[in-house]
Structure formats: structure tokens, C-alpha cells
Trainee: 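Shown below is the structure under consideration.
The analysis underlying the following values was restricted to heavy atoms, covering all of them including side chains, and did not include hydrogens, waters or symmetry mates. So that the names make sense, note that chain A is the first sequence line, chain B the second, and so on, each numbered from 1. Please read these numbers as outputs of a predicted model, since none were measured by experiment.
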There are 2 protein chains.
Amino acid sequence: MVSYVLNGRMDLKIAPATRERVLAAARSLDYRVSHSARALRLGRTNTFGFYTGGALPDVADTFYRKVVGGLQQGCHRHGRDLLLHHACAEADVEAVFASLTDGRVDGLIVLDVFDEALVGRLAASSTPVVSLVNALPGMPAVVADDEGGERLMLDHLVSRGVRTLCVHRAGERGNSVARREAAFIAAAEARGVPWRACPTRTVEPSDLGWLAARDFEPPAVFVTWMDVFAYTFIAACARLGLRVPEDIGVVGFDDLPRPDAPLVRLTTLHAPWEQVGLTAIDALVTLHDGGQVAPLTVLPVSLVAGETA
Amino acid sequence: MVSYVLNGRMDLKIAPATRERVLAAARSLDYRVSHSARALRLGRTNTFGFYTGGALPDVADTFYRKVVGGLQQGCHRHGRDLLLHHACAEADVEAVFASLTDGRVDGLIVLDVFDEALVGRLAASSTPVVSLVNALPGMPAVVADDEGGERLMLDHLVSRGVRTLCVHRAGERGNSVARREAAFIAAAEARGVPWRACPTRTVEPSDLGWLAARDFEPPAVFVTWMDVFAYTFIAACARLGLRVPEDIGVVGFDDLPRPDAPLVRLTTLHAPWEQVGLTAIDALVTLHDGGQVAPLTVLPVSLVAGETA
DNA sequence: GTGAAAGCGCTAACAG
DNA sequence: CTGTTAGCGCTTTCAC
């Protein structure tokens with residue numbers, strides 16, 4: 001059995017002479033396995049796919065790398081390959097769905113799929129799908145404990161004697177950022193700590209009027225839901241001549257490494273994004289093998305007490 | 001011809017009634033094409049692969065996104081899919097080579113493949129391969145004009161009356177960073193402008209002695225080969241109490257957008273990384289169709305006069 | 001222990 | 001214009 005030899009299988013007894021004969025022939029013919037043929041025959045590809053809706057904004061890069069790193073590690077542990085599907089902005093839902101479920105991969109990890117029709121198709125398909133970071137209807141998800149993290153953050157800020165909570169209103173809905181915001185506000189209200197909304201979408205002067213006017217009572221902290229936004233805020237403060245944290249503090253979420261050395265160590269929440277990716281692959285393997293997985297897996301988040309609040 | 005109908009081919013005349021019959025059957029059976037079967041039959045996958053050696057460091061994220069964006073756009077234009085291969089650090093060269101050439105993709109774009117054995121195998125394989133950013137022996141490459149860019153930069157600095165050129169010695173060899181460094185130094189010497197080497201590998205105090213001691217005569221500029229390093233340098237200057245560009249200027253290369261708003265607009269060289277990716281795909285398509293491509297394609301770089309030098 | 005052969009789903013060529 | 005069929009390269013079952 002040529003196939004047995006080439007795959008290095010030891011479960012069948014093959015005469016050493018025969019084995020060597022096969023190997024020699026393969027070498028001389030410059031034999032290369034055909035992935036397509038094997039996949040067709042086996043009905044599986046030993047490959048998992050990663051699909052993220054639309055183009056990832058540049059700001060998400062480091063986060064993305066963390067997640068993909070976890071996926072890679074998980075795939076490696078289970079002897080699977082990882083295929084990074086590329087979102088095609090112009091393609092319609094059916095085309096994207098077709099290309100995701102054409103048998104190229106045995107299962108799918110999805111992130112930031114906001115198209116409800118696509119989510120529905122994927123949830124109903126026979127391909128196992130696991131959602132990352134955000135829970136999606138109809139499929140298991142692996143997420144960070146956004147709510148628990150924000151409660152930790154509120155406790156931290158209260159213990160530091162903060163007087164004014166300037167809460168970032170990003171205007172997002174139904175995703176992890178929105179959950180963080182809701183959880184923080186709920187915690188503040190439960191503790192009776194006053195807060196105010198700061199609709200600082202960008203660092204444009206029009207959005208930073210409250211900051212430029214120093215329209216807050218120190219000690220104040222600006223509470224954001226992503227590190228990258230906290231860093232942007234720090235840059236804006238520097239431009240406006242405000243010191244962090246003396247004039248106003250700032251906190252984030254993610255605890256992602258920065259490409260350039262930041263001027264300060266940010267006070268933030270550490271979310272285990274690699275672990276999220278790794279856990280999602282574990283779930284996908286279980287699903288692919290016909291097992292059951294929890295509809296929602298929540299991974300813990302911890303406080304990183306830095307210098308900014 | 002069921003196949004003709006399902007593929008929406010109009011070159012063969014099919015009776016509308018038959019066409020509709022086929023389509024109805026496909027719908028009722030929830031028919032889905034099999035990528036593997038089609039690939040096996042056709043001997044092609046309409047997919048190009050992107051492979052980058054080892055894990056990409058976090059600092060390269062934005063650059064990576066730019067390049068991949070260009071690849072994606074190019075693939076889309078040519079109706080190809082893009083498969084992002086994942087480097088598996090533990091796997092040996094033969095295993096990586098086998099997985100890259102198992103017929104999963106019709107051609108390969110490679111970036112930062114430093115293993116010479118792997119380069120040799122790929123160059124000798126029947127799979128078309130195009131190298132990006134760096135030229136590699138035995139395969140066509142698409143690169144930015146590192147040398148021309150650095151000449152532009154030298155001219156700019158000279159015209160601004162710089163007196164001391166502190167040149168970053170990154171210690172890299174044989175890649176685009178090394179080419180930039182060599183070209184800048186050659187241009188400086190050709191113009192008779194003095195320069196000195198500054199082995200600032202990191203922002204550790206031990207590497208920044210010359211900067212902390214202000215061991216340079218203003219107006220001085222620190223010349224680096226990547227934006228990310230220039231930003232790191234700016235952060236170090238801030239920590240040491242030096243102003244940029246008053247005390248010392250700094251310039252970079254890449255002109256990549258920053259996730260957070262930078263405090264200053266960096267003086268740098270704009271390299272068209274998306275265009276590099278796009279051009280590489282064009283070349284790969286030509287190669288795959290049996291055509292010839294130039295061994296080296298050099299894309300122009302332009303000066304971005306910012307506020308830091 | 002080893003060789004032969006069926007068949008995965010698809011496309012293209014060919015006969016009707 | 002339409003139905004049938006060979007065969008892509010692989011794995012696995014079945015005779016030998």
C-alpha cells in the first residue's frame with residue numbers, strides 16, 4: 001500500500017524492503033501529495049478557517065495579531081492548519097457564505113461578523129462555527145469577561161479616590177465595547193458613583209471641547225473601552241497641555257503591547273486574547289469531532305494598575 | 001450540462017427550461033460546490049498564498065496590513081482568493097515547503113523568508129513565487145526604491161542645513177533596511193556630508209548614552225530606516241527631556257499611519273506598500289499564465305516633509 | 001504481506 | 001441542445 005508508506009503509518013505491517021522501494025520511487029518522481037485529492041477523498045481538510053467581517057481597521061492590528069497567535073497555537077496543538085480567509089467587501093452575503101463553506105476548511109472561527117444574514121447562514125450551516133470576542137446568535141462563542149473587568153476597574157478608580165468619571169460614549173451597540181460601557185456604568189450606579197458621558201469619538205477639537213475647557217472636577221478619569229483610544233486621548237491631552245494623570249487620568253481595556261515604547265504605563269484591564277483564540281480552537285475541534293461545547297465561554301480579565309489612573 | 005449551468009457559463013447554449021430545472025434541483029438539494037473536487041479536476045485553485053517567514057513582530061503590523069491590503073486588492077481584481085499561510089516556527093523546511101506546494105494555491109507571495117534552504121526549494125519548484133519588499137535569489141521581486149528614497153532624504157536634510165547626521169546602525173544585512181542604510185551613507189559621502197554611526201538598537205539607557213550626553217552638534221538629525229523606530233526615538237527624547245526637532249531631529253521610512261494620533265507629523269519617506277502587493281499579484285498572475293515577468297520591479301518612493309526634521 | 005480497484009465531486013469531451 | 005462518461009490523485013476495502 002503505497003499510501004500507507006507515504007503517510008508513514010505504522011499500524012499496518014509493511015515489509016521494510018517494500019517500504020524502501022516506495023520511498024525511492026517517490027523520491028525519484030519528486031512526488032508531492034495533492035491536498036485537493038486527499039481532501040476530496042477524506043471529506044476533510046484538517047484546516048480551520050478564520051473569517052473576520054469587512055476590513056480590519058488599522059487600530060485593531062495588535063489585537064488581531066494576539067487573537068491569530070492564539071488560533072495558530074491552538075491549531076498547531078491539534079495538528080490543524082489555519083487558513084485566514086479574506087473578507088471581500090464587495091462580495092454579497094451568498095458569495096461569502098459559499099466561499100466559507102465550500103469544503104476548504106473543516107470549521108470556522110469568526111470575528112466581527114456584523115451582517116445578520118451571514119450570521120444566520122453560518123449558524124444554520126453544517127460547518128462548525130465558533131465566534132470570538134463577541135457572542136453571536138446560534139453559535140458558541142469564546143469571550144473575555146468584559147463586565148467583570150469593568151467592575152474591577154470601577155473598584156480600582158474608587159479606591160484611588162476619583163471624583164469625576166468621564167465615560168467614553170463610543171456609540172457602539174451589541175458588541176463587546178458596548179458591554180464594557182454598560183457594565184461600567186451599571187457598576188458606577190450600583191456603587192452610587194456619579195459619572196458623565198463624554199462623546200469623544202475622535203481627537204478633533206470639536207469632540208474635545210469638554211477637555212480643552214477643563215470642564216471636569218479633579219481628580220477626574222476618562223474611562224475608555226480600548227487601549228488604543230486611551231493612547232489617542234493621552235496624545236490629545238499633551239497637545240492641549242494637560243498632564244496625565246495629574247490633570248486628568250485615563251484607563252483602557254486590552255493590555256496590548258505597543259509597537260513604540262509608550263511614555264507611560266497605561267492603567268488598563270488585561271484580556272487574554274491569545275487564550276481566547278486557543279480556547280476557540282479547542283471548541284472547534286470538539287465540535288468537528290461531533291462533541292458538544294458550551295454556548296458561551298467567558299475568560300477572566302485582570303486589572304493592570306499603571307501610571308495613568 | 002449541469003456544470004455549465006451551475007457555473008453560470010453563457011458560452012454554451014442551454015435551453016432556459018433546462019437551466020431552470022438544474023437550478024431548481026440545486027436549490028432543493030441545498031447544493032454546494034466542492035472546492036476540493038473542482039481543484040482536483042482543474043489542477044488549479046484560483047487561490048494565491050501569502051507566506052511570511054516566522055512570526056511577524058508586532059511592530060510590523062501596520063506595514064503588514066498595508067501589504068496584505070494590496071495583495072487582497074490584486075487578487076480581487078484578478079478573481080483570485082488570497083490564502084494567508086501561517087508560518088509554523090517549529091516545522092522544518094521540508095514540512096513548510098511541502099505544505100506551501102501541496103496544490104492548495106496556484107502561486108505564492110513570500111515576505112521575509114530568511115531560510116536559504118526554503119528560498120532555494122521555492123525558487124526551484126514549479127509553483128510560481130514572487131518575493132515582496134526584499135529581492136530573493138531565483139525568483140522575481142517587487143520592492144520599493146529604498147536607495148532612491150534615501151537619496152531624496154539626504155537632499156532634504158542637506159537643504160534644511162543639517163550639520164550632524166546621526167545614522168542608525170541597525171546591524172541588519174541583506175534586506176531592505178540594510179539597503180536603505182547603505183544608500184544613505186553612500187549618498188552622504190558622495191555629497192561630502194559628514195555622518196556618524198549611532199548603534200541605537202533599543203531605547204535602553206545603555207544604547208542611548210550619546211543621546212543623553214547630547215554628544216552631537218546641532219542642528220542634528222537621527223536618521224532611521226523605519227517609522228516605528230523614529231517614533232520610539234521620539235518617545236526616548238521626551239523621556240530624556242530633549243525637544244524634537246529643536247534639540248535633535250529624526251526621520252523615518254514607510255509613512256505608515258499610526259493607530260493613535262502622533263504628537264508630531266514625522267518627516268519620512270512614503271513607500272507604496274499597497275502598490276507593492278498589488279503589483280506582486282499582477283506578476284504572479286502573469287507567471288501562472290505562463291508569461292514572463294521582470295526579475296525586479298522597483299516602485300518609487302517620495303519624501304514626506306513633516307515636522308521632525 | 002501486497003496489488004488491484006472503487007469512488008469521493010467535479011469538468012470537459014463526446015456521443016446522441 | 002442534452003445525457004453520459006472518463007479521469008484528476010487519493011484512501012481504503014477487498015482479493016490474492
Trainee: Rounding to an integer number of Å, can you tell me how far A/Arg41 CZ sits from D/dG9 C1'?
Mentor: 11 Å

Trainee: With a 4.0 Å cutoff (strictly under), does any side-chain N or O of A/Tyr4 reach OP1 or OP2 of D/dC10?
Mentor: no

Trainee: In whole angstroms, how far is the C1' atom of C/dC8 from the CG atom of B/Leu42?
Mentor: 16 Å

Trainee: A/Arg9 side chain N/O closer than 4.0 Å to the phosphate oxygens (OP1, OP2) of D/dT12?
Mentor: yes

Trainee: Show, in sequence, the C-alpha distance, side-chain angles and deciding distance for A/His76 and A/Leu82, and conclude whether the side-chain contact (heavy atoms from CB on, under 4.5 Å) test is met.
Mentor: CA-CA 9 Å; A/His76 186 251; A/Leu82 180 64; over 6 Å; no

Trainee: Rounded to the nearest Å, what distance is computed from the CG atom of residue A/Leu6 to the P atom of nucleotide D/dC10?
Mentor: 8 Å

Trainee: Figure out the CZ/P separation between A/Arg104 and C/dC10, and round it to whole Å.
Mentor: 14 Å

Trainee: Tell me what B/Leu40 touches on the nucleic acid: a base, only sugar-phosphate, or nothing, going by heavy atoms under 4.0 Å.
Mentor: base

Trainee: Kindly determine whether B/Asp254 and B/Trp273 satisfy side-chain contact (heavy atoms from CB on, under 4.5 Å), including the steps that lead there.
Mentor: CA-CA 8 Å; B/Asp254 277 341; B/Trp273 295 128; 3.0 Å; yes

Trainee: Once you apply a heavy-atom cut-off of 4.0 Å, does A/Val33 come out as touching a base, just sugar-phosphate, or nothing?
Mentor: sugar-phosphate

Trainee: Looking at every non-hydrogen atom in both residues, tell me the closest pair between B/Leu284 and B/Leu108 and how far apart they are.
Mentor: CD2-N, 3.6 Å

Trainee: Tell me the closest heavy-atom pair linking B/Val130 and B/Val142, and the distance in Å.
Mentor: CG1-CG2, 4.2 Å

Trainee: Are A/Asp102 and B/Arg38 close enough for a salt bridge, meaning some N to O gap below 4.0 Å?
Mentor: no

Trainee: With the side chain of B/Arg38 defined as its heavy atoms from C-beta on, choose the nearest nucleotide among C/dG7, C/dC10, D/dC8.
Mentor: C/dC10

Trainee: Please determine if A/Asp81 and B/Arg104 form a salt bridge, counting it only when a charged side-chain N lies under 4.0 Å from a carboxylate O.
Mentor: yes

Trainee: Looking at C/dG9, I'd like to know if its phosphate oxygens (OP1 or OP2) sit under 4.0 Å from a side-chain N or O belonging to B/Ser34.
Mentor: no

Trainee: Contacts to DNA chain C from residues 15-23 of chain B, heavy-atom cutoff under 4.0 Å, which residues?
Mentor: none

